[in-house]
Q: 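Sharing a structure here in C-alpha cells format.
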Amino acid sequence: MSEILRTTYAAEIADAETGSEVVLGGWVSRSRDMGGVIFFDLRDPSGLVQVVLDPAELPVGAELKMEYCVKVTGRVQARPEGTQNKDLATGLVEVNASDVEVLSASDVLPFMVDDRLNVDELIRLRYRYLDFRRPTMAANLKARAKATAAMRRSLDDMSFMEVETPTLIASTPEGARDMLVPSRLQQGSFYALPQSPQIFKQLLMVGGIDRYFQFARCYRDEDFRSDRQLEFTQLDIEGSFWDEEAVMQTIETAVSAGVAAVRGEAPSLPIPRMTWTEAMHRFGSDKPDLRFGMEINDLSGVFSETEFKGFSGAIADGGSVRGINVGPRDFSRSALDKLIDQAKSLGAKGLVWAFCEEGTWRSPVAKFLSDGEKEAVIAQLEAVEGDLMLIVAGPTRNALEVLGQLRVDLGQPTGHEELRFVWITQFPVFDVHEDGGLSPAHHPFTQPESIDQMINDPENAFARAYDLVLNGSELGSGSVRIHDPVVQTQVFDTLGISPEERESRFGWFLEALRYGTPPHAGFAVGVDRLLAILVGASSIRDVIAFPKTQRGIDPLSGSPSLVDNDQMIELGLDLRPEVKAALAEKEDSND
RNA sequence: GGGGGCGUGGUGAAGUUGGUUAUCACGCCGGCCUGUCAAGCCGGAGCCCGCGGGUUCGAGUCCCGUCGUCCCCGCCA
C-alpha cells in the first residue's frame, strides 16, 4: 500500500497532462454502473472529476456507494469524442482508474449531499459534517476564511497589532443580557462572557498599544434572529490619536480587502456618508437600504391648510405628514387593509393609501382633500399613472419609522450582487424612552459632540458615533471614545448612575482614564453579517460552521446540557425548585 | 413575552368539500446493461401522517393543547 494518499486534486485534472498517473482522495458523489464499465464522480475539496473503472479493477467485495471515502490511482485521459460534459469543469477529461481503494464506507445518508436539493435546516445542523460536503457550505466557509485572512493582512499592513482579550470577564448589567459562567474557585461568583472587548481595548489604548485589532468572539444572551446568534464574531479595532476620519478610512481599507477576497472586486471607495438625521428623514431608518429609492417625502407643506382632520390634527400637534411612492403596484383591497394593520401595529394612527389615476387620487380619503392638495402630492412624490402612494400622519419620528418599515417591506432590492455601503454618522447620544428616561444610543463610552449640549439638552445631543451599513443591514458601529475621566463621569451622571454604582462598576476603568489616556476611537465589524451578505446567504447560520437553533440548541452536540450533580456541588450551585419540578415533569413525559 | 408559517416513508414534496389497501420523485435493497454523467430498464422494502386530547359512523384533512423548527415584534447599551 502506497504511503501517498493523494497527489492531485480533482479540479487539477482539467489541466493535468494526459497519461500522467495521479492519486486522488475523496468521496463517491454519484456512481453509474453500466455493467461492463463503471463511472463515478469523485468529489474532493476542489470539485468533481469523473473516474472510469473496469469492474475487474474493483477489489472483490468492494462497493462504490454514495459518500464512500476512496483513494483512486489512475491515469488522466481525454474523454472520447462525444462524451465530454460541458457542465463539468473537468468535463473534457477523466481518470482511468487502475486501482480504487475504499478507505472508509458510509452508512446510508440522512440526506443527499447535493446542492440542488433542499434539506431541512435542522437535519443539516444535526449532520453538519455532511452539510460541509455540499459545495455551497464549503464555499461559504472558504469565503469566510479568505475574507478574514485578507482583513487580517490588511490590518497587519497598516501596522495594527492583534491582541487577545479575556473571554471570562466581570458582568456589567448594562445593555444586553450577559452569558454567565459560574466560578468554582470563587463559589457564588460568575464570569460573564464579553458582549464586546470594549473596555479592554480602551485599556490597551491607555497602555499605548496604539493600533489594536482582534477577531473577537462576542456573546449576547438575547433572542435569536436570522442575523443574531448567542455567539458571533466581530472584527474589533481601536486606535489612539485618532478621530472618526482615521477610523472610517481604516475600516474602509480592511473591509474592502475582505470584500475583494470574496467577490474578486473591491467596493468603490470612499464609502458615502449620511448623517443619522438625514437617514431617518429620507429612509425612516438608521440602516437604510440604498439599493432602491422609494424615499420618504415631507408632505406637511401641502397640507398646511387642509380640511382633512387626519392630517391637520397631526400637524397641529407638532407632527407632520409623510409619504412614499411605492411605484406601480396592483394591491387588492385586502392587501391594502393588511398594510394599514401593519402600520397600526407599528404605532401609526392610520395609513392613507392612494393610487395615482388620471392625474388625481383613487383613495378612500380622496373626497376629503382638495384637487390642489391631491395634485401637489402627486407632483412631490413624482407619481405617475398606476403608482401607489402611502401616507402617514402623526408624530414625525413615528411617521418616519412606520414608512421606513413599509419601505423595506415593499421595496424590491436588486439582490445581493449589488453592494451598497453607507456610513451613518452623528447618532443621538441618548435614546429617549416614553417615560422620559435616557439610555445611551451607542454605549456610554461614546464622546458627545458637545458636553454642554449633552448636559443641558440631552434629548437633542449628538454623538461622535457612526455605523457602517450594507444593503440595509447594520454591519457594525463605532465611536470616538471619551478619554477624559471627568467627561466620562458626567455621562454616567446624565444616565442616572449613582456615584456609588459608578465607582463599584466602573471605578477601575475611570481610574485608568486618569493616567494620561490618549484620545482614541474605534469600531467593530460584524463578520458573520458581512459574510452572509457577501455570499448571498439569508442567515448568518450559513456562514457559521456550527450555529445554534432559535432556542439556543446545537442539534449536533446537544448543547446546552444538564450537568452532573457533582459538578453543581463543586460550583456551589443548585437549581431553583420550580426548575427542578419542570425538569422532572419533562423527564416523566419522556418515559 | 407576543404574532405568523411549517411539521406526511431516509430526504424533498402531493394529498381536492373529512370517506375504502396514503401518492410521487430521489435515496435504499435485488437484478440487467461497456460511455454514462441528477444514467436507463425490471422487481422490491419502507410512512398509519410530530405528540396528546376532542368533534365525527369515519380525520393526514376540522377543533384545542403541546413539542420542534423557521420568520418577525419585543429584546439586542
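All chains are named by letter (A, B, ...) in the order of the sequence lines, taking the proteins before the strands, and each is independently numbered beginning at 1. All values reported here derive from a predicted model rather than from experimental measurement.
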Q: Are OP1 or OP2 of B:rU34 and a side-chain N or O of A:R32 less than 4.0 angstrom apart?
A: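 A:R32 to B:rU34 OP1/OP2: no side-chain N or O under 4.0 Å.
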Q: Which part of the nucleic acid, if any, lies within reach of A:P444 when heavy atoms closer than 4.0 Å are counted: base, sugar-phosphate only, or nothing?
A: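 A:P444: base contact, heavy atoms under 4.0 Å.
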Q: Just how far, in rounded Å, is P of B:rG31 from CG of A:D33?
A: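 From A:D33 CG to B:rG31 P: 11 Å.
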Q: Does any donor-acceptor pair link the side chain of A:D223 with the base of B:rC75 at a separation under 3.5 Å?
A: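 Result: no qualifying N/O pair found.
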Q: Would you mind checking if A:D554 and A:K548 are paired as a salt bridge, meaning a charged N to carboxylate O distance below 4.0 Å?
A: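 No.
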Q: Select base, sugar-phosphate, or nothing to describe what A:L117 touches, counting heavy atoms under 4.0 Å on all strands.
A: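 Touches a base.
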Q: What integer number of Å spans the P atoms of B:rU16 and B:rG44?
A: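 Pairwise P distance, B:rU16 against B:rG44, rounds to 28 Å.
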Q: Report yes or no: is there a donor-acceptor pair, N or O only, under 3.5 Å between the side chain of A:Q550 and the base of B:rG68?
A: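 Per atom types, no contact qualifies.
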Q: What is the separation between atom CG on A:D120 and atom P on B:rA13, rounded to the nearest whole Å?
A: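 Taking CG of A:D120 and P of B:rA13, I get 8 Å after rounding.
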Q: Would you classify A:I38 as touching base, sugar-phosphate or nothing, given that sugar-phosphate means primed atoms plus P, OP1 and OP2, and contacts are heavy atoms under 4.0 Å?
A: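 Nothing, no heavy atom under 4.0 Å.
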Q: Who is the Watson-Crick or G-U wobble partner of B:rU56, with both distances under 3.5 Å?
A: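 Checking every strand shown, B:rU56 finds no partner, since no pair has both distances under 3.5 Å.
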Q: Using the C1' atom on both, measure B:rG52 against B:rC67 and round to a whole Å.
A: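 The same atom, C1', in both gives a distance of 10 Å.
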Q: Taking atom types as modelled, is there a side-chain donor on A:D236 or A:Y212 under 3.5 Å from an acceptor on the other?
A: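 Yes.
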Q: Whole Å only: how far is the CE atom of A:M34 from the C1' atom of B:rA39?
A: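 Spelled out: CE on A:M34 to C1' on B:rA39 is 6 Å.
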Q: Using atom CG of A:N118 as one end and atom P of B:rG10 as the other, report the distance to the nearest whole Å.
A: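 Distance, rounded to whole Å: 19 Å.
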Q: Taking 4.0 angstrom as the limit, do A:D409 and A:K338 come out as a salt bridge?
A: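 Not counted as a salt bridge, because no side-chain N and carboxylate O are separated by less than 4.0 Å.
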Q: I want to confirm an ordering. Mapping A:I123 and A:Q77 to their closest nucleotides on RNA chain B, which one lands closer to the 5' end?
A: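 Its nearest nucleotide being more 5', the pick is A:I123.
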Q: In whole angstrom, what separates A:L92's CG from B:rC37's C1'?
A: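 After rounding, the reported distance stands at 14 Å.
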Q: Which nucleotide in the set B:rU36, B:rC73, B:rC28 lies at the smallest distance from any side-chain heavy atom of A:T83?
A: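 Looking only at side-chain atoms, A:T83 lies closest to B:rU36.
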Q: Could you work out the separation of B:rC73 and B:rC49 based on their P atoms and round it to a whole Å?
A: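 Here B:rC73 and B:rC49 have their P atoms 36 Å from each other.
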Q: Indicate, with a heavy-atom threshold strictly under 4.0 Å, whether A:E474 touches base, sugar-phosphate, or nothing.
A: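 Nothing: the residue A:E474, judged by heavy atoms under 4.0 Å, touches no strand.
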Q: How far, in whole Å, is B:rU36 from B:rC41 if one measures between their P atoms?
A: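 It works out to 15 Å between them.
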Q: What's the CE-C1' distance between A:M66 and B:rG10, to the nearest Å?
A: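 One finds 10 Å between C1' of B:rG10 and CE of A:M66, rounded.
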Q: Considering only atom C1', compute the distance from B:rG30 to B:rG46 and round it to an integer number of Å.
A: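 One C1' to the other, the span is 15 Å.
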Q: So, does the side chain of A:R228 form a donor-acceptor pair with the base of B:rC76 at under 3.5 Å?
A: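 Under the 3.5 Å cut-off, the side chain and the base do form a donor-acceptor pair.
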Q: In whole Å, measure the gap between the P atoms of B:rC47 and B:rC24 for me.
A: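 Looking at atom P only, B:rC47 and B:rC24 are 15 Å apart.
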Q: Can you tell me the distance, in whole Å, between the CG atom of A:L88 and the P atom of B:rU36?
A: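 Those two atoms, CG and P, are 15 Å apart.
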Q: With nearest nucleotide decided by heavy atoms, which residue, A:K548 or A:E63, maps closer to the 5′ end of RNA chain B?
A: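 Result: A:E63.
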Q: In terms of side-chain heavy atoms of A:V119, which of B:rU11, B:rG35, B:rG74 is nearest?
A: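 Selected nucleotide (nearest to the side chain): B:rU11.
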Q: Work out how far the C1' atom of B:rC26 is from that of B:rA39, and round it to whole angstrom.
A: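 About 14 Å, rounded to a whole number of Å.
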Q: Closest approach to the side chain of A:R551, judged atom by atom: which nucleotide of B:rC75, B:rA38, B:rU69 is it?
A: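 It is B:rU69.
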Q: Please verify the inter-ring angle class for A:F200 with A:W508; under 30° counts as parallel, over 60° as perpendicular, anything in between as tilted.
A: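 Taking A:W508 first and then A:F200, their aromatic rings sit tilted (interplane angle of 30° to 60°).
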Q: Whole angstrom is fine here: how far is it from CD1 in A:I540 over to P in B:rC76?
A: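 About 17 Å, once rounded to whole Å.
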Q: Nearest to the side chain of A:F111, which nucleotide is it out of B:rU11, B:rG27, B:rC72?
A: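 Looking only at side-chain atoms, A:F111 lies closest to B:rU11.
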Q: Examine B:rG3: is either OP1 or OP2 under 4.0 Å from a nitrogen or oxygen in the side chain of A:S345? Give yes or no.
A: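 For A:S345, the contact criterion (side-chain N or O under 4.0 Å from OP1 or OP2 of B:rG3) is not met.
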Q: Among B:rC72, B:rG35, B:rG12, which is the nearest nucleotide to the side chain of A:F39?
A: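 Between B:rC72, B:rG35, B:rG12, the one nearest the side chain of A:F39 would be B:rG35.
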Q: I'd like to know whether CZ of A:F292 has more than 12 heavy-atom contacts from other residues, nucleotides or ligands below 6.0 angstrom.
A: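 Result for CZ/A:F292: enclosed.
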Q: Using a heavy-atom cut-off of 4.0 Å across all strands, would you classify A:R541 as base, sugar-phosphate, or nothing?
A: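 Sugar-phosphate, no base atom in range.
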Q: Quick one: the side chain of A:R116 and the base of B:rG12, do they pair up donor-acceptor inside 3.5 Å?
A: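 Checked by distance alone, the answer is no.
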Q: Return the nearest nucleotide to the side chain of A:K65; candidates are B:rC75, B:rG27, B:rC29.
A: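 Among B:rC75, B:rG27, B:rC29, the one nearest the side chain of A:K65 is B:rC29.
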Q: Regarding B:rC37, can its base be found pairing with the side chain of A:R79 as donor and acceptor, where the two atoms are less than 3.5 Å apart?
A: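 Yes.
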Q: With both distances under 3.5 Å as the test, what is the Watson-Crick or G-U wobble partner of B:rU69?
A: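 B:rU69 is paired, partner B:rG5.
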Q: At 4.0 Å (heavy atoms only), tell me whether A:T549 reaches a base, stays on the sugar-phosphate, or touches nothing.
A: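 Sugar-phosphate only.
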Q: Could you tell me whether the side chains of A:D528 and A:Q229 share a donor-acceptor contact shorter than 3.5 Å?
A: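 Looking only at side-chain atoms, A:Q229 and A:D528 do not form any donor-acceptor pair under 3.5 Å.
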Q: Side-chain contact test, heavy atoms from C-beta onward, threshold under 4.5 Å: evaluate it for A:I497 versus A:D493 and give yes or no.
A: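 A:I497 does not reach A:D493 side chain to side chain.
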Q: If you only use heavy atoms from C-beta on, which nucleotide in B:rU34, B:rA38, B:rG74 is closest to the side chain of A:R30?
A: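 Of all the options, the side chain of A:R30 is nearest to B:rA38.
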Q: May I ask you to say whether A:D114 pairs ionically with A:R116, meaning some side-chain N is under 4.0 Å from a carboxylate O?
A: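 Salt bridge flag = yes for A:R116 with A:D114.
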Q: When all nucleic acid strands are considered with a 4.0 Å heavy-atom cut-off, which category describes A:Q342: base, sugar-phosphate, or nothing?
A: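 Nothing, no heavy atom under 4.0 Å.
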Q: Give me the distance, rounded to whole Å, that separates B:rC71 from B:rG10 when you measure between the C1' atoms they each carry.
A: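 Per the computed distance, 27 Å lies between those C1' atoms.
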Q: For the pair A:Y129 and A:Y127, name the ring-plane relationship: parallel under 30°, tilted 30 to 60°, perpendicular over 60°.
A: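 It falls in the perpendicular class, over 60°.
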